[in-house]
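See below for the structure under consideration.
Protein chains get the first letters and strands the later ones, always in sequence-line order, with residue 1 at the start of each. All of these numbers come straight from a predicted model, not from anything done at the bench.
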Amino acid sequence: MSEVKARTELLRLGMELARHDRLYHAEDAPEITDAAYDALRRRYNDVAAAFPGLVGADDPAAKVGAAPGGGFAKIRHGVPMLSLDNAFGPEDFTEFCARIRRFLGLDEAALGFVAEPKIDGLSISLTYEHGRFVQGATRGDGTEGEDVTANLRTLKDLPLRLKGEAPARIEIRGEVFMTKADFLAMNAAQESAGEKMFANPRNAAAGGLRQLDARITATRPLSLFAYAMGEASGPVAETHWEYLERLRAWGFTVNPLSRRIADAAAFQAEVGAARAGLAYDIDGVVYKLDDLALQRRLGFVGRAPRWAIAWKFPAEQATTVLEGIDIQLGRTGALTPVARLVPVNVGGVLVRNATLHNADEIARKDIRIGDTVIIQRAGDVIPQVVGPVEGAPRGAAAYVFPAVCPACGSAAVRAPGEVVMRCTGGLACPAQVEERLIHFVSRGAFDIEGLGEKTIREFHEEGLIGGPADIFSRLPLLEAEIAVREGWGALSARNLVAAIAQRRGIGLARFIFALGIRRIGEANAKLLARHYGSYANWRAQMAAAVVIGSEARSDLGSILGIGPAIAEELAEFFAEPRNVAALDALAAELTIADAEARGGGELTGKSVVFTGTLETLTRPEAKAMAEKMGARVTDSVSKKTDLVVVGADAGSKARKAVELGVRVLSEAEWRALAGGGGGG
DNA sequence: ACCCCTCGAGTTCT
DNA sequence: CTCGAGGGGT
């Protein structure tokens, strides 16, 4: 096919696919069969793969799932995508089994496990409705991922339609990866084309999946193994192994090494020996309790299931020389020592820096400048300095942590009982001010497009902005000056000014978070916004709360989740006149929206205790009701308890509630209040 | 005086 | 991702 013909073909196929996507997703009125759709899609992918140079960003077929503002739309996972606890040796695995036995009250009974190699790729979630693939998302932070449906549709291993019977709606989880051979071939092709090369298969897979243009993804050799169950609208299997067999029957590829095992240590050794010869990278083996009913009973602790564990292979290590230790400054003034290393390749990534955390850590590991040190990247991504290589020549002297801030010269102090050293310079420390500005424009805060870390540093160092208010009061007046800066142009300067203008309106929670007050992260900012409602009220109450013992201070402390340390931190911020002046200057530039009315009902965020015998509800029902309304249920009454529901024969808890002045409800009153959430 | 959990802060590299 | 610290509960 000639390039001209290919171009026409791609355009035609692209428009057609876009039309069918729309009919299918938005109008729910497909005109062609799934098989016909698949054939179209395959044809499209083939042409796109043969002529990668033709793929552009304007093709309608590439746009499914893309967010309006570019990037990907966010998708909330029905069931969070959790992480796994790690094991590093047989003792960890034994302890894992013991924990399961303890929890389930099983003594000698053998536990059946399914073992699966842990692929070093990207976790994804796939949703099928009536057997058809409708949506795919990345793991993201576990709660919310990115919609990469269009990209996933291009994977050869992904069935667009499940073979045979399937529940009406089912979510399937798997791992997208690139084989070592595909990676090498692709990198060779990229190199000869003068294109960007990837450091390792994992990055290559990530890069391929996160293309904004699905046609580029189609040209990347991505593979997929399915391995886990998310939500399903009907029963699928009774054991994990049966479930894997269902996946195979539906048309997924399941890792062929997966199997039921009796001896984890033996399997671990077997896979470890086979590791180098496998077609893909793995970093361990996942062991899952086979019986799904037992899995349900075990449930989760924190962010990980109790019924599975990832037994990791020993971390990849490398040795290099510690050239020096730099001190980095955080926005709260924390001084963090960072190791500057002679660049070394660890597990496919060139490592130059590694955090040393704090002075204690350096002393404990006895790390000195000039040492030959061991670097490792364990299950995580972040490199660590393990310690000096034994027997190698040592650096001269023990490291002495600086007593003053390297940026401003103010004293560096360590609060009693704390580990970190902090600069006492506050607003007088330019480095702290700069870090705070970076936080101010960061993603969860003002998130101004075109104003990233690098730009902020430049603007701050050159005196264009001294504080957050300047972003709004000064930068828009400097459009002409910015336009002639290196790397800028008239268009980008205009866009920046527009982006700034757009952010003059902001929600209260984001605004509070953006201030960068210590201990006030996203969650606490939201608590404050909900409690105070409006900026004016918050500002007034905080100013009043500076006085210890004031009514405003105790009101602040009464917020569930806000304790004395956080209240003190806020009071300190407002006690500093320069902070208040900067805050007022900033607020004058903005329109700060009131916090959205408390979601749901008056129970949101409240702490509820049930006591006595409930007559029309079981305890689990009552608990589910409360949680559905956003409340938190505990067993004991304290002064942070908002509500005590008293059943028959209530004892000391009811008395305590009265003593503490906590609102008391009868079961009937509770039902009236929470009625909406019943049955759950 | 504990334990468990959530939140915050800091960090690496592509 | 990991650590430390705060908050709330027992």
Practice prompt. Strictly below 4.0 Å, heavy-atom distances to any atom of DNA chain B: list the hits from residues 425-437 of chain A, or just say none.
Written response: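 Output list: empty, so none.
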
Worksheet entry | Results of side chain to side chain donor-acceptor pair (under 3.5 Å) for A/T138 - residues two or more places apart only |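 With sequence neighbours excluded, A/T138 shows a side chain to side chain donor-acceptor pair (under 3.5 Å) to no residue whatsoever.
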
Worksheet entry | By side chain to side chain donor-acceptor pair (under 3.5 Å) - contacts of A/E434 (at least two apart) |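 A/E434 satisfies side chain to side chain donor-acceptor pair (under 3.5 Å) with A/R457, A/H460 once adjacent residues are dropped.
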
Interatomic distance where [atom1] belongs to [X] and [atom2] belongs to [N] [whole Å]:
{"X": "A/R364", "N": "C/dG4", "atom1": "CZ", "atom2": "P", "answer": "7 Å"}
{"X": "A/N524", "N": "C/dG6", "atom1": "CG", "atom2": "P", "answer": "12 Å"}
{"X": "A/H357", "N": "C/dA5", "atom1": "NE2", "atom2": "C1'", "answer": "16 Å"}
{"X": "A/D120", "N": "B/dT14", "atom1": "CG", "atom2": "C1'", "answer": "14 Å"}
{"X": "A/D326", "N": "B/dT11", "atom1": "CG", "atom2": "P", "answer": "12 Å"}
{"X": "A/R518", "N": "B/dC7", "atom1": "CZ", "atom2": "C1'", "answer": "13 Å"}
{"X": "A/K454", "N": "B/dT14", "atom1": "NZ", "atom2": "P", "answer": "17 Å"}
{"X": "A/I512", "N": "B/dG8", "atom1": "CD1", "atom2": "C1'", "answer": "16 Å"}

For [N], does OP1 or OP2 lie under 4.0 Å from any side-chain N or O of [X]?
{"X": "A/T355", "N": "B/dT12", "result": "no"}
{"X": "A/T336", "N": "B/dA9", "result": "no"}
{"X": "A/N203", "N": "B/dC13", "result": "no"}
{"X": "A/S607", "N": "C/dG9", "result": "yes"}
{"X": "A/Q328", "N": "B/dG10", "result": "no"}
{"X": "A/N353", "N": "B/dC13", "result": "yes"}
{"X": "A/R519", "N": "C/dG6", "result": "yes"}

Discussion item. Side chain of A/A565, heavy atoms from C-beta onward: which of B/dC7, B/dT11, C/dG6 has the nearest atom to it?
Written reply: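 Nearest to the side-chain atoms of A/A565, counting from C-beta on, is C/dG6.
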
Worksheet item: Nearest to the side chain of A/N86, which nucleotide is it out of C/dT2, B/dG10, C/dA5?
Response: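 Given the options C/dT2, B/dG10, C/dA5, the side chain of A/N86 is closest to C/dT2.
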
Item to complete: List in chain and number order the residues that pass salt bridge (Lys or Arg N to Asp or Glu O under 4.0 Å) with A/R139, two or more places apart in sequence or in another chain; answer none if no residue qualifies.
Response: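 Checked A/R139 against salt bridge (Lys or Arg N to Asp or Glu O under 4.0 Å); zero matches.
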
Practice prompt. Identify whether any heavy atom of A/L329 sits under 4.0 Å from a base atom; if not, whether one sits that close to sugar-phosphate; answer base, sugar-phosphate or nothing.
Written response: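 A/L329: no heavy atom of the nucleic acid under 4.0 Å.
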
Discussion item. Does A/A206 reach a base, just sugar-phosphate, or nothing at all? Heavy atoms under 4.0 Å.
Written reply: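 Counting heavy atoms under 4.0 Å across all strands, no contact is made by A/A206.
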
Practice prompt. Write out all pairs satisfying salt bridge (Lys or Arg N to Asp or Glu O under 4.0 Å) with one or both partners inside residues 558-570 of chain A, taking only residues at least two apart or from two chains.
Written response: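 Counting only pairs at least two positions apart or across chains, the salt bridge (Lys or Arg N to Asp or Glu O under 4.0 Å) contacts touching residues 558-570 of chain A are A/R519-A/E569, A/R553-A/E568.
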
Worksheet item: In terms of the nearest nucleotide of DNA chain B, which residue is placed more toward the 5' end: A/R331 or A/L350?
Response: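 This one resolves to A/R331.
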
Worksheet item: For A/V351 and A/T332, take the nucleotide of DNA chain B holding the closest heavy atom to each; which residue's nucleotide lies nearer the 5' end?
Response: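 With A/V351 and A/T332 compared, the 5'-side residue is A/T332.
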
Discussion item. Before we go on, tell me: are the rings of A/F610 and A/W670 under 6.0 Å apart, centre to centre?
Written reply: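 Under 6.0 Å, so yes.
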
Worksheet item: With ring centroids as reference points, do A/Y287 and A/W307 lie under 6.0 angstrom apart?
Response: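 That pair fails the under 6.0 Å test.
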
Worksheet entry | Note: A/R210-A/E146 ion pair, threshold 4.0 Å (strictly below) |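 Answer for the salt bridge query: yes.
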
Worksheet item: Who are the side chain to side chain contact (heavy atoms under 4.5 Å, CB included) partners of A/V346, not counting sequence neighbours?
Response: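 By the side chain to side chain contact (heavy atoms under 4.5 Å, CB included) rule, A/V346 matches A/A318, A/V344, A/V351, A/I375, A/R377.
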
